[in-house]
Amino acid sequence: MGFSVSASHGLSSQLSSSSHGQLCSSSKSTPFMGSPLPFSASILFGKQCSSQPRLVVYSKRVSGLEEALRIRRERELQGTTKFRRRPPLRRGKVSPCLPVPDHIPKPPYVNTNILPEIASDHQIHDDEGVARMRAACELAARVLDYAGTLVRPSVTTDEIDKAVHQMIIEAGAYPSPLGYGGFPKSVCTSVNECMCHGIPDSRQLQNGDIINIDVTVYLNGYHGDTSKTFLCGDVSGPLKRLVTVTEECLEKGIAVCKDGASFKKIGKRISEHAEKYGYGVVERFVGHGVGTVFHSEPIIMHHRNESPGVMVEGQTFTIEPILTLGGIECITWPDNWTTLSADGSPAAQFEHTILITRTGAEILTKC
């Protein structure tokens, strides 16, 4: 479960900070505004020599940010991937919060309805902490796999929430989203154009939908966080490709992680792969440190960036890119959680919690 940032105003402590109907435009919330910087070389003609024009080419080094802006402009001019637009998402009825037995330990934010501040400390674990992280993440992975088996036409997201809730509490764990800043459910279910933080409700899944299910569990004082986008019934080719490429982006982002690697490499590798297919990489929602605290530093940006910092052995954090078939701007419903693509284009997301090792990264949320 990620949260949103505004690069020009520092970190936002809101998971979805937009007010009703407000457009969350990444182009407005990042410092990389204005027209794309020139990419192609300047071409000038010099004096004639032997009646033949002499071509002089002046080249300049192009930064990753300049390249990203150029690619974004090309996408705007060329248009986005064509797909058959599905009926817009409509909110169904949200049922009451489900109870959690008193004997199950709960995170400190429960019953406060206050969204916690993002912890400034990076979460680096000793051997005991790593063992507890593995246990929490293994449970989250099993719950997510089970939730995926429930995805089929006519099933409601509320039914998925109830099943996930029951499996988590039977394991002696707490569903981390429940009560986090007032979030009313035990899992996030984001369908079609919903980028993230969808609240389970009475809406039935339809044949051809895609749905991201985001599971976080709190077990023995540690959070394990993971998500996956599932196909519901007969899904169209463009949507299948979007889902496949989004998962590939997550894998490529993880592949660059190891002790001493810079965090900005993650966004670079994800962007490179997404751009091959013309997909937008959502900038507003990011990965985060996770452990005894649900959300902490480091902030993991999935687009090209120049954020400082390097990874440290024993550190845990999430990588959770969101890709779209269209634009990356977003709007948030009046519930202050459900965030949709502003242009109605479908979105997909995948997430793992990883542990940094000396030579690479261990995926903790993998069964």
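- Sequence neighbours left out, the pairs with a member in residues 117-144 that pass ring pair (Phe, Tyr, Trp, His ring centres under 6.0 Å) are H125-Y222.
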Practice problem: Go through the steps to decide whether M311 and F317 satisfy the test side chain to side chain contact (heavy atoms under 4.5 Å, CB included), and finish with yes or no. | Solution: CA-CA 10 Å; M311 304 168 204; F317 55 84; 4.1 Å; yes
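- A 4.5 Å side-chain heavy-atom check between V151 and I213 finds at least one atom pair inside the cut-off.
- Put simply, V217 and L144 are part of the same group of oily side chains (I, L, V, M, F, W, Y) that touch within less than 4.5 Å, one to the next.
- Remark: L340 CG to T324 OG1 distance equals 12.0 Å, nearest 0.5 Å.
- Taking the side chain as every heavy atom from C-beta outward, M301 and E283 never approach each other to under 4.5 Å.
- Cluster annotation: L115 is not connected to V293 through the hydrophobic network of ILVMFWY side chains, with a link wherever side-chain heavy atoms come within less than 4.5 Å.
- Counting heavy atoms from C-beta outward, V286 and I300 have side chains that stay 4.5 Å or more apart.
- P116 has its side chain within reach of Y180: a pair of non-hydrogen atoms, C-beta onward, lies under 4.5 Å apart.
- With values rounded to the nearest 0.5 angstrom, C194 atom SG is found 11.5 Å from R91 atom CZ.
- Remark: R304 engages E275 in a salt bridge, criterion side-chain N to carboxylate O under 4.0 Å.
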Practice problem: Evaluate the salt bridge (Lys or Arg N to Asp or Glu O under 4.0 Å) criterion for residues K276 and E272: first the C-alpha distance (whole Å), next the side-chain angles of each, then the deciding distance (0.1 Å), finally the verdict. | Solution: CA-CA 7 Å; K276 293 177 184 178; E272 287 174 346; over 6 Å; no
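- A perpendicular orientation is assigned to the rings of Y277 and H273, their planes being inclined by more than 60° (bins at 30° and 60°).
- Side-chain heavy atoms closer than 4.5 Å link hydrophobic residues (I, L, V, M, F, W, Y) into clusters, and following such links, possibly through other members, connects L150 to V215.
- When all heavy atoms are compared, the tightest approach of T156 to S202 is CG2-O, 3.4 Å.
- At least one donor-acceptor pair closer than 3.5 Å links the side chain of Q123 to the backbone N or O of T292.
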Ignoring hydrogens and angles, write down the donor-acceptor pairs under 3.5 Å from the side chains of residues 100-109, residues two or more places apart or on other chains.
unit_1	atom_1	unit_2	atom_2	d
K106	NZ	P101	O	3.1
K106	NZ	I104	O	2.9
Y109	OH	S176	O	2.6

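- In this structure, V290 is not a member of the same hydrophobic cluster as V110, with clusters built from ILVMFWY side-chain heavy atoms closer than 4.5 Å.
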Exercise. Evaluate the side chain to side chain contact (heavy atoms under 4.5 Å, CB included) criterion for residues C257 and I354: first the C-alpha distance (whole Å), next the side-chain angles of each, then the deciding distance (0.1 Å), finally the verdict.
Key: CA-CA 9 Å; C257 295; I354 65 170; 3.8 Å; yes
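- Side-chain contact between D214 and S190 is absent, with no heavy-atom pair separated by less than 4.5 Å.
- At least one side-chain heavy atom of I270 sits less than 4.5 Å from a side-chain heavy atom of I319.
- The distance from the OG1 atom of T353 to the NE2 atom of H288 is 7.0 Å, given to the nearest 0.5 Å.
- T316 places no side-chain N or O within 3.5 Å of a backbone atom of L355 that could act as its donor or acceptor partner.
- The closest side-chain heavy-atom distance from I199 to W333 is not below 4.5 Å.
- E193 places a side-chain N or O within 3.5 Å of a backbone atom of L89 that can act as its donor or acceptor partner.
- Minimum interatomic distance between F350 and V243 (heavy atoms only, all atoms of both residues): CE1-O, 3.3 Å.
- A side-chain donor-acceptor contact under 3.5 Å links D209 and N192.
- Pairing each heavy atom of I210 with each of V235, the nearest pair is CG2-CG1, 4.0 Å.
- To the nearest 0.5 Å, the span separating OG on S186 from CE on M167 amounts to 13.5 Å.
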Practice problem: With side chain to side chain contact (heavy atoms under 4.5 Å, CB included) as the test, would you mind laying out the steps for L325 and L239 before giving the verdict? | Solution: CA-CA 8 Å; L325 279 179; L239 289 186; 3.9 Å; yes
Practice problem: Mind running side chain to side chain contact (heavy atoms under 4.5 Å, CB included) on I266 and R269 for me, showing each step along the way? | Solution: CA-CA 5 Å; I266 298 172; R269 184 63 61 88; over 6 Å; no
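- Of all heavy-atom pairs between S154 and E159, the closest is O-OE1, 4.4 Å.
- In this structure a side-chain-to-backbone donor-acceptor pair under 3.5 Å is missing from D161 to P200.
- A side chain to side chain contact (heavy atoms under 4.5 Å, CB included) with M195 holds for exactly one of S345, C330, P346; it is C330.
- Within the 4.5 Å cutoff, the side chain of F294 has heavy atoms near those of the D225 side chain.
- L364 is not connected to M1 by any chain of hydrophobic side-chain contacts under 4.5 Å among Ile, Leu, Val, Met, Phe, Trp and Tyr, and they are in different clusters.
- Atom OG1 of T149 sits about 8.5 Å away from atom CZ of F230, to the nearest 0.5 Å.
- K185 has a carboxylate O that lies under 4.0 Å from a charged side-chain N of D158, or vice versa, which qualifies the two as a salt bridge.
- Pairing each heavy atom of P99 with each of H165, the nearest pair is O-NE2, 2.8 Å.
- In the displayed structure, D126 atom CG is contacted under 6.0 Å by more than 12 heavy atoms of other residues, nucleotides or ligands.
- No donor-acceptor pair under 3.5 Å is formed between the side chain of E320 and the backbone N or O of Q349.
- Of the possible polar contacts, none joining the T318 side chain to the H352 backbone as a donor-acceptor pair under 3.5 Å is found.
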Side-chain donor-acceptor pairs of residues 132-141 under 3.5 Å, sequence neighbours excluded:
unit_1	atom_1	unit_2	atom_2	d
R132	NH1	N220	O	3.2
R132	NH2	E128	OE2	3.3
R134	NE	E362	OE2	2.9
R134	NH2	E362	OE1	2.9
E138	OE1	R142	NE	3.3
E138	OE2	R142	NE	2.8

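- Listed here is the closest heavy atom pair of A147 and I160: CB-CG2, 4.3 Å.
- The NE2 atom of H302 sits 10.0 Å away from the SG atom of C249 when rounded to the nearest 0.5 Å.
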